[in-house]
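Side-chain atoms are counted along with the backbone in the values below, which use heavy atoms only and exclude waters and symmetry mates. Proteins come first, then strands; the chains are lettered A, B, ... in the order of their sequence lines, and each starts at number 1.
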Amino acid sequence: MKRVLLAGATLLAAGLMAGSAQAQGTIKIGVVLPYSGQFADAAKQVDEGIKLYMKKHGDTVAGKKIEIIRKDSGGIAPPVAKRLAEELIVRDKVDILAGWLLTPNSIAGCGVSAEAKKVMVIMNAATSIIVDKSPYCTRTSFTLPMVTTTLGSWAAKNGIKKAYTMVSDFAPGHDAEQGFINGFKAGGGEIVGSVRMAVANPDFSAYVQRAKDINPEAIFVFIPGGAQPAALGKAFAERGIDPKKVKILGTGEVTDDSALKNMGDSALGIITAWPYDHNLKNKMNQDFVAAYKKEFGGDNPNFFSAGGYDGMTLIYEGLKKTKGDADADKLIAAMKGTKWTSPRGPMMIDPETRDVVETIYIRRVEKVGGKLVNVDFNKVENVKDPIHEAMKKK
Amino acid sequence: MPASAAPSTPQQYLQSLSRWHPIEIAFWLATLTPFLLFPTYLSLASQIAVAALFALSLDLILGYAGIVSLGHAAFFGIGAYTAGLFSKFVWGEPLSGLLVATAMAALVGYASSFIVARFRHLTLIMITLGLGLLLAEAANSAGWLTGGSDGLQGVDIWPLLGLFKFDLYGTTAYAYSLSVLFVVFLMARRLINSPFGLALRGIRENWVRMPAIGADSRSHIRKVYTISAGVAGIAGAVIAQTTSTVSLEALSFERSADVLVMLVLGGAGRLYGGLVGAAIFMIARDQFSGIAPQFWYFWIGILLIAVVMLLPNGILGGLSKILARWRGR
């Protein structure tokens with residue numbers, strides 16, 4: 001027993017010494033993501049974005065070595081996420097918190113960021129209010145209203161007068177519905193009906209029939225990714241709704257690569273709004289996609305990877321400005337207003353809200369070289385989060 | 001149990017059960033060591049204490065009364081949401097929040113105990129599972145109250161006793177959850193070592209015979225189920241208060257399943273079973289997920305299989321068997 005205790009004490013002492021010795025030239029970034037459980041795949045893609053950035057730009061910035069410490073929050077678990085963030089700060093002595101895929105976890109993390117005064121970079125979670133929970137919190141992904149409100153106002157401006165909305169009955173669905181309706185009505189459109197559908201495995205045919213009876217010019221849909229887009233596409237085809245006549249509008253999840261694979265040709269003509277697609281035709285993105293495929297075995301990067309990649313860009317750019325000082329007040333001040341070019345196009349951190357400002361692309365599913373892809377045919381630049389914009393006006 | 005002569009009267013038997021064993025005292029002293037030895041692990045220690053409390057509440061019904069539940073997170077979640085909402089709409093004083101949350105969980109437990117007391121075995125598993133899922137879905141739909149899948153916003157917990165803020169290191173959190181665990185444990189110990197506790201064990205072994213000797217099975221089950229629900233509510237309230245977060249995960253099936261795994265690991269039907277199981281489960285998860293985040297459940301699975309195959313009464317059951325054999329020699 002004595003020997004065990006002694007060994008433990010030695011280890012502890014060694015750990016403490018290592019901690020203080022490293023602190024000189026190292027900046028530690030604690031990444032909290034759900035590496036296990038049902039969101040593991042998305043977490044992996046965010047992580048690959050981080051890895052790719054560090055591979056390309058090295059692990060030193062402004063004379064400091066960057067060290068990543070990864071923690072698994074295992075699905076939606078705010079108490080666990082909060083504890084991990086606390087441990088990263090008190091035990092691992094990280095300077096920056098990063099990652100953050102899920103909204104409830106991110107909100108818990110923001111509490112820690114505010115209390116411990118550490119910058120927190122959200123690389124995915126997309127609910128507007130998160131960044132308001134800590135003065136040191138910023139985001140490099142997007143917010144859901146940025147996408148849906150933009151899509152609504154774009155639709156109203158481009159000749160659609162009457163739209164119907166179909167969303168899944170859960171918090172993000174409600175937000176998406178509200179966002180679309182706000183944008184669409186502000187542009188002079190009219191909502192002819194709305195329906196909220198069961199979240200888990202709904203039978204879409206009844207909902208689609210109801211939409212068809214009303215005969216709108218466009219139908220806005222928001223459903224969770226995975227198997228549901230295919231089921232919905234099938235229901236549209238069966239009930240005789242042709243995306244070429246009745247415009248089907250949605251967010252990028254509806255037509256991401258895995259959804260397209262399942263939907264087949266029934267996806268043709270669906271219009272979606274989204275901040276990133278691997279099909280974007282800028283040089284930087286083409287290099288990014290090629291490097292990503294080479295590094296991680298063939299799959300295309302998606303918006304998760306882009307969020308991770310740009311999150312690291314923001315951290316590196318911020319540290320360059322502060323000359324390697326990770327003090328939260330200085331670093332967040334440096335990050336505010338930072339502009340950079342991403343595979344997504346031009347990006348900025350809004351100096352007032354610390355939220356992301358970026359281009360939202362309007363894409364249509366088309367067949368290119370025998371493959372279904374999201375082809376962007378229009379875009380809205382410098383989109384800010386509409387909820388934060390509305391708050392500012394008050 | 002002390003090795004002294006077999007007790008002659010029931011009173012003496014119960015007294016011998018409630019005597020404090022040196023190992024028990026050592027156990028509780030050991031729970032204080034994190035304050036000194038692992039000051040950066042106090043948040044984890046606090047969550048272990050909460051898990052232990054939750055496992056203890058399941059032990060009361062599963063280990064002692066033989067009620068298998070796969071929906072025990074329902075009461076944990078009710079406790080968590082009540083404590084969270086109480087801090088949002090009334091005030092953030094933790095102890096009063098804890099009492100209200102306990103009362104709420106016990107009340108719901110009492111209401112559902114009438115259903116639970118009517119069934120056994122597989123039916124019971126299905127009923128508790130169904131009730132748990134229903135409640136989780138109800139909380140999801142009632143987004144105006146619970147915040148839905150975003151989690152409850154605006155939880156604001158005041159410093160404990162007006163003095164100790166819930167800090168980053170988790171010192172207050174651990175002190176709080178450990179004290180609550182200890183107090184509840186003392187009550188549970190008293191309960192189990194009482195004639196009521198004996199009757200529960202009788203019901204577990206033969207639920208038809210117990211009424212014949214004057215212990216009505218159903219009313220006993222209703223009582224212990226209500227108590228157990230209250231304890232689960234305490235656990236939920238403590239996690240809500242120490243982390244200032246409440247989300248649907250508190251009601252999830254995973255939480256019900258995890259606590260069952262903890263209890264089976266440690267040893268059901270033993271007061272310390274849930275406590276030891278919770279500590280092993282949580283520490284193993286923390287360590288394994290640090291090594292390879294994607295695969296930690298794999299190692300927990302291996303551990304669980306090994307324990308149920310080699311030590312049918314859990315780790316504590318196995319230890320006491322070894323101890324008994326060693327004493328016998």
> Is it the backbone or the side chain of Gln153(B) that comes under 4.5 Å from a heavy atom of chain A, or both, or neither?
Replying inline: side chain
> Which atoms of Thr242(B) come close to chain A, meaning under 4.5 Å heavy atom to heavy atom: side chain ones, backbone ones, both, or neither?
Replying inline: backbone
> What residues of residues 122-138 of chain A sit under 4.5 Å from chain B when only non-hydrogen atoms are counted?
Replying inline: Thr127(A), Ile129(A), Lys133(A)
>> Parallel, tilted or perpendicular, judged at 30° and 60°: which one describes the rings of Tyr174(B) and Phe35(B)?
In response: tilted
>> What part of Ile107(A) gets within 4.5 angstrom of chain B, counting heavy atoms only: side chain, backbone, both, or neither?
In response: side chain
> Listed by chain and number, what are the side chain to side chain contact (heavy atoms under 4.5 Å, CB included) partners of Glu137(B), not counting sequence neighbours?
Replying inline: Asn140(B), Ser141(B)
> Do other residues, nucleotides or ligands put more than 12 heavy atoms under 6.0 Å from Phe164(B) CZ?
Replying inline: no
> For the candidates Val90(A), Ile89(A), Asp169(A), which exhibits the highest count of non-hydrogen atom pairs separated by less than 4.5 Å from chain B?
Replying inline: Val90(A)
> Rounded to the nearest 0.5 Å, what separation is found between the CG atom of Leu248(B) and the OH atom of Tyr81(B)?
Replying inline: 4.0 Å
>> Counting heavy-atom pairs under 4.5 Å with chain B, which one of Glu115(A), His174(A), Arg83(A), Glu87(A) comes out on top?
In response: Arg83(A)
> Just how far is it from atom CZ of Arg255(B) to atom CG of Leu251(B), taken to the nearest 0.5 Å?
Replying inline: 9.5 Å
> Picking from Ala108(A), Gly75(A), Ala77(A), which has the most non-hydrogen pairs under 4.5 angstrom with chain B?
Replying inline: Ala77(A)
>> Do the side chains of Arg139(A) and Asp355(A) get close enough for a salt bridge, i.e. N-O under 4.0 angstrom?
In response: yes
>> With a 4.5 angstrom heavy-atom cut-off, is it the side chain or the backbone of Leu168(B) that approaches chain A, or both, or neither?
In response: both
> Between Glu295(A) and Lys51(A), does a salt bridge (charged side-chain N to carboxylate O under 4.0 Å, His left out) hold up when you go through it step by step?
Replying inline: CA-CA 9 Å; Glu295(A) 189 71 23; Lys51(A) 283 183 189 152; over 6 Å; no
> Relative to chain A, which of Leu42(B), Ile239(B), Leu44(B) shows the most heavy atom pairs under 4.5 Å?
Replying inline: Leu44(B)
> Got a second to check how far Asp167(B)'s CG is from Glu86(A)'s CD, nearest 0.5 Å?
Replying inline: 8.0 Å
> Non-hydrogen atoms of chain A under 4.5 Å away: do they reach the side chain of Phe166(B), the backbone, both or neither?
Replying inline: backbone
> Would you call the rings of Phe76(B) and Phe54(B) parallel, tilted or perpendicular if under 30° counts as parallel and over 60° as perpendicular?
Replying inline: tilted
>> Using a strict threshold of under 4.0 Å (side-chain N to carboxylate O), is an ion pair present between Asp47(A) and Arg70(A)?
In response: yes
